[in-house]
Amino acid sequence: MQYWLVKSEPDVYSFEQLATDGKTRWDGVRNYQARNNLRAMKTGDLCLYYHSNIGLEVVGIAKVVKEHYPDPTAEKGDWSAVDLAPVKPLAQPVTLSEIKKHPALQQLLLVRNARLSVMPVSFDEFSVIVQMGETQL
DNA sequence: GCCAACGTTGGC
DNA sequence: GCCAACGTTGGC
């Protein structure tokens, strides 16, 4: 079991929208590092769902329900998509500023590489953020 | 809206 | 293969 963090701009596709849809195709990734992370995802892996630009906070947990396949939105190039489904929202969102303040989260790629949109997180980091969101695993 | 950080492109 | 120029992302 691996843990991840995925970013989305909430005015484009929010966690609430994912909760409504029940499932979504995570496509449109055009960054090699992020793509390679998508390809490493396994069914059942859990993802922290982060709202970038608006909110700047982790708002929920999603899970991988379909492993990587060719991204149908890619007109050219070698890109991948996965399918994600909602697990649960955090009782209280965990903001970027809280994450930056937390001693156990200083290695988080979200902090160290702001531009990466799909990144692995350790189980410890995942647990800390979920606990900060006051939600049970 | 600005700008820093990063990735990509293209000239040499 | 280097590096400058450019485009994009994302925090502020």
Side-chain angles (χ1 to χ4, degrees):
Chain A
M1 165 83 77
Q2 281 270 109
Y3 299 89
W4 309 93
L5 182 147
V6 297
K7 284 187 192 175
S8 183
E9 300 183 24
D11 54 343
V12 176
Y13 195 86
S14 66
F15 187 77
E16 291 75 17
Q17 188 65 48
L18 176 61
T20 300
D21 292 348
K23 178 182 162 183
T24 195
R25 188 177 67 218
W26 207 257
D27 58 22
V29 170
R30 295 294 181 270
N31 169 283
Y32 291 111
Q33 203 178 342
R35 182 201 69 182
N36 291 342
N37 290 331
L38 283 182
R39 289 183 177 178
M41 286 180 175
K42 299 293 182 195
T43 299
D45 283 358
L46 295 177
C47 303
L48 297 169
Y49 198 105
Y50 176 79
H51 280 172
S52 67
N53 285 323
I54 300 168
L56 309 183
E57 56 198 7
V58 176
V59 294
I61 302 169
K63 68 181 174 192
V64 179
V65 292
K66 186 177 178 186
E67 291 176 18
H68 73 92
Y69 53 94
D71 183 346
T73 70
E75 293 180 0
K76 58 186 225 175
D78 181 22
W79 301 107
S80 295
V82 299
D83 287 353
L84 297 182
V87 174
K88 59 168 66 171
L90 295 183
Q92 184 176 333
V94 177
T95 66
L96 180 62
S97 65
E98 290 177 280
I99 288 171
K100 285 183 169 173
K101 281 186 216 152
H102 194 108
L105 300 175
Q106 296 308 300
Q107 297 307 306
L108 200 67
L109 284 167
L110 182 69
V111 176
R112 300 175 68 198
N113 181 0
R115 298 190 47 185
L116 188 61
S117 61
V118 180
M119 67 190 75
V121 303
S122 71
F123 174 71
D124 288 345
E125 291 165 337
F126 183 89
S127 302
V128 166
I129 291 173
V130 169
Q131 282 165 25
M132 289 165 79
E134 294 174 338
T135 253
Q136 301 297 310
L137 270 177

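A note on names: the letters A, B, ... follow the listed sequences, proteins ahead of strands, and every chain is numbered from 1. Side-chain atoms are counted along with the backbone in the values below, which use heavy atoms only and exclude waters and symmetry mates.
In this structure the side chain of A:Leu96 reaches within 4.5 angstrom of the side chain of A:Tyr50, judged on heavy atoms. Using a 4.5 Å cut-off on side-chain heavy atoms (C-beta onward), A:Leu116 and A:Asn37 make contact.
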Once base and sugar-phosphate atoms are separated, protein heavy atoms under 4.0 Å mark nucleotides 5-12 of chain C, 5' to 3', with B, S and - as --BBBBBS

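Ring orientation note: the planes of A:Phe123 and A:Tyr3 are tilted relative to one another, at an angle of 30° to 60°.
To the nearest 0.5 Å, atoms CE (A:Met41) and NE2 (A:His68) are separated by 11.0 Å. To the nearest 0.5 angstrom, A:Gln92 atom CD is 6.5 Å from A:Glu98 atom CD.
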